[in-house]
Amino acid sequence: MIKYVSSRNKQEAVSSHEAVIHGLAEDGGLYTPDHISQKILPQEILNSSYPEIAAKIIGTLLDDYSAAEINACVHGAYDTHFDTKEIIPLTKIHDGYLMELWHGPTSAFKDIALTILPHLMISAYQKEKRNDTIAILTATSGDTGKAALAGFSDVRHTAITVFYPEIGVSPIQKRQMQTSLGRNVDVIAVKGNFDDCQRMVKQAMSNQEVLASLDGVTLSSANSINIGRLVPQIVYYYSSYAKLVNSGAIALGDAVNYAVPTGNFGDILAGWIAKQLGLPIHKLICASNRNHVLTDFLQTGIYSVKRPFHTTMSPSMDILISSNLERLLFMMSGNDDSFVREMMLQLKQNGRYAVPQELREKIQESFCGYWTDEEECSSAMHDLYQSEHVLIDPHTAVAMYASEQYKKETGDTAPCIILSTASPYKFSHDVLKAVADEDIADDFAAMDRLHELSKMPIPQGLAELRKMPIRFRRSIEIKDGMHVIADRMKEIAHAED
């Protein structure tokens with residue numbers, strides 16, 4: 001059985017369901033598989049549906065859940081919440097493929113994992129015959145928040161609180177969160193950036209004021225620091241590969257590349273784990289915007305947050321502290337927890353760390369990094385629409401531009417699958433400006449105009465958004481975060497079931 005150990009203390013080991021419940025280890029480390037010795041070869045899933053692939057992969061890695069429990073979670077997530085039975089359609093474009101990850105309830109790739117995480121959490125809850133409330137704290141740079149709010153809305157024995165940067169999410173993303181339904185949800189803006197929100201969530205897990213307020217309440221997270229968020233993301237790498245084989249685009253065993261718009265490093269780490277399990281992946285192209293801390297790290301081995309923070313049209317990547325990189329360092333260093341502790345201490349104290357050359361070169365065997373500025377991002381959206389009448393959002397455009405940079409630099413002709421992580425309608429103002437040079441300030445009017453031009457259907461959840469009343473308007477200072485969270489825990493503790 002796989003044990004999940006803290007990336008900062010591998011003696012702290014729990015089962016997979018315990019890791020799902022707690023989210024973050026007590027010492028601040030991330031629960032990480034102590035080994036990945038299992039293999040799932042692509043020929044095993046070629047004729048499988050998406051739920052069948054999900055059950056196989058999730059059941060393999062979260063192996064203290066029974067097959068019946070995993071199947072119930074998978075079907076609870078994927079049978080009704082998506083607007084296509086494919087879950088993740090694959091669209092051919094001139095220079096590769098778009099893996100459309102935005103067909104779920106909130107029109108973002110986070111739905112793939114956050115529709116199943118509540119089922120995994122409640123299943124784990126029932127295993128332990130608990131009677132407390134799981135209080136989920138989540139930081140978001142835009143998409144995770146709404147996907148988590150939708151996934152956990154009115155789920156019994158849970159309460160969810162989402163923190164988002166007051167400035168730095170798109171108007172549509174903000175409206176999605178502010179109009180969220182559910183008696184057990186709360187949404188709070190923070191006068192800071194995503195890193196500040198993420199820092200608050202992590203700090204709360206060990207803050208004495210917060211811990212003292214937990215009366216019949218257990219803290220957890222729905223960010224990709226939770227292994228229950230990360231594992232379901234491995235599935236779509238396998239599914240997309242099977243689609244290419246089944247269509248005749250590649251032969252079984254051919255290696256492919258994936259271009260991933262990356263902020264917190266979870267989505268691309270899922271691809272690396274897929275590679276460890278046996279999926280033929282050559283390169284994982286890490287695509288960044290102007291906040292290119294990851295690109296610089298992959299090229300130099302130096303991770304430094306001592307740099308300006310930029311607010312861009314791809315806000316889900318406006319991140320300087322990429323939490324899941326810690327998991328990669330742990331696994332690639334041979335589970336060297338003392339090394340990871342030292343790197344994280346240096347990051348906290350000095351704002352930077354540097355990995356040894358041998359480890360940097362090992363990482364570069366699987367990963368490469370490229371970044372895209374705002375003008376290049378707009379050009380990518382414009383050019384694809386003009387040449388093929390295909391709309392993409394800014395995050396997808398960053399990944400597409402990165403894949404083109406990679407091909408020019410390396411001459412690699414392997415097929416490239418670009419992760420298309422959000423509906424273009426979530427960023428209607430910027431997409432319309434890019435593809436048609438029309439500047440319509442109102443995002444809903446821009447959405448209508450994009451639909452008029454492209455005839456691409458507007459996802460139902462976004463189409464209905466303009467009529468929904470705003471429920472959450474609260475905004476807080478960073479310094480008040482722990483007190484606000486402690487008060488929220490007291491509120492949850494005394495709420496009626």
Side-chain angles (χ1 to χ4, degrees), residues 4 16-17 19-24 30-33 50-51 53-62 65 69-70 72-82 87-88 99-124 134 136-153 155 158 160 162 198 201 220-240 258 260-274 277 316 323-324 327 395 419-423:
Y4 284 81
S16 61
H17 85 266
V20 167
I21 287 177
H22 293 289
L24 194 68
L30 277 65
Y31 285 121
T32 306
Y50 193 91
I53 300 171
K56 186 172 187 65
I57 291 171
I58 297 171
T60 296
L61 289 173
L62 305 183
Y65 287 81
E69 288 168 335
I70 291 292
C73 292
V74 164
H75 288 290
Y78 301 126
D79 282 0
T80 59
H81 291 94
F82 291 77
I87 309 298
I88 54 138
M99 189 204 303
E100 296 179 5
L101 295 170
W102 42 263
H103 288 272
T106 74
S107 304
F109 83 98
K110 310 295 175 79
D111 289 326
I112 305 288
L114 283 166
T115 50
I116 194 169
L117 179 61
H119 295 280
L120 291 169
M121 202 167 273
I122 292 303
S123 180
I134 302 173
I136 297 140
L137 300 180
T138 296
T140 185
S141 52
D143 287 332
T144 289
K146 178 57 183 177
L149 289 160
F152 283 95
S153 175
V155 172
T158 71
I160 180 166
V162 167
Q198 182 168 249
V201 167
S220 189
S221 176
N223 284 95
S224 57
I225 57 176
N226 190 315
I227 197 68
R229 256 286 306 279
L230 183 64
V231 169
Q233 294 177 275
I234 300 167
V235 179
Y236 45 73
Y237 285 90
Y238 272 85
S239 178
S240 59
Y258 287 88
V260 188
T262 310
N264 220 12
F265 208 74
D267 209 6
I268 198 165
L269 180 63
W272 183 78
I273 295 173
L277 288 168
S316 295
S323 290
N324 275 286
R327 278 191 173 111
H395 305 79
L419 274 64
S420 181
T421 52
S423 165

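We count residues from 1, following the sequence as given.
Residues passing the side-chain hydrogen bond (donor to acceptor under 3.5 Å, both in side chains) test with H81, sequence neighbours excluded: none. Looking at residues two or more places apart in sequence or on another chain, you find a ring-ring contact (aromatic ring centres under 6.0 Å, His included) between Y258 and Y237. By the side-chain hydrogen bond (donor to acceptor under 3.5 Å, both in side chains) test, T158 pairs with N184, sequence neighbours left out. Residues satisfying the side-chain contact (heavy atoms from CB on, under 4.5 Å) criterion with A113, sequence neighbours excluded, are R229, P232, Q233. Shown here are the ring-ring contact (aromatic ring centres under 6.0 Å, His included) partners of F82, two or more places apart in sequence or in another chain: Y78. Here S220 pairs with nothing under the side-chain hydrogen bond (donor to acceptor under 3.5 Å, both in side chains) rule; sequence neighbours left out. In this structure F265 satisfies the ring-ring contact (aromatic ring centres under 6.0 Å, His included) test together with F367, sequence neighbours excluded. D267 is linked by a salt bridge (charged side-chain N to carboxylate O under 4.0 Å, His left out) to nothing, counting only residues two or more places apart in sequence or in another chain. Evaluation of the side-chain contact (heavy atoms from CB on, under 4.5 Å) rule for S16 yields Y4, L62, D64, Y65 as partners, not counting sequence neighbours. Residues passing the side-chain contact (heavy atoms from CB on, under 4.5 Å) test with A150, sequence neighbours excluded: T106. Scanning for side-chain hydrogen bond (donor to acceptor under 3.5 Å, both in side chains) contacts around S141 gives an empty result, with sequence neighbours left out.
The shortest non-hydrogen separation linking L137 to S221 is O-OG, 3.2 Å. Across all non-hydrogen atoms, the minimal contact from G151 to P118 is O-CG, 3.2 Å. For N324 against R327, the heavy-atom pair with the smallest separation is OD1-NH1, 2.7 Å. The shortest non-hydrogen separation linking N264 to S323 is OD1-N, 2.9 Å. Closest of all the heavy-atom pairs between A147 and L114 is CB-CD1, 3.5 Å. Scanning all heavy atoms of the two residues, the minimum distance from A274 to Y238 falls at O-OH, 3.6 Å.
Under the salt bridge (charged side-chain N to carboxylate O under 4.0 Å, His left out) criterion, the residue pairs touching residues 139-151 are D143-K426, with sequence neighbours excluded.
The main-chain N or O of V20 is found under 3.5 Å from a side-chain atom of N226 such that the two form a donor-acceptor pair. Side chain of H395 to backbone of A422: no donor-acceptor contact under 3.5 angstrom is found. Between the side chain of S240 and the backbone N or O of Y236 there is at least one donor-acceptor pair closer than 3.5 Å. Not one N or O on the side chain of S224 forms a donor-acceptor pair closer than 3.5 Å with the backbone of G266. Remark: side-chain polar atoms of T32 are paired, donor with acceptor, to backbone N or O of L30 under 3.5 angstrom.
When each of I116, I112, I57 is checked for a side chain to side chain contact (heavy atoms under 4.5 Å, CB included) with V235, only I57 meets the rule.
Between L277 and L61, some side-chain heavy-atom pair lies under the 4.5 Å cut-off. Taking the side chain as every heavy atom from C-beta outward, F152 and I136 approach each other to under 4.5 Å.
Interatomic distance, OG1 of T421 versus NZ of K110, reported as 8.0 Å (0.5 Å rounding). With values rounded to the nearest 0.5 angstrom, L24 atom CG is found 4.5 Å from I225 atom CD1. Here CD1 of I134 is found 9.0 Å from NE2 of H22. Values are rounded to the nearest 0.5 Å. Here the straight-line distance linking atom CD of E69 with atom CG of L120 works out to 10.0 Å at 0.5 Å rounding. For the atom pair OG1 of T115 and CD1 of I87, the computed distance is 8.0 Å after rounding to the nearest 0.5 Å. A distance of 7.5 Å separates CE of M121 from CD1 of I21, quoted to the nearest 0.5 Å.
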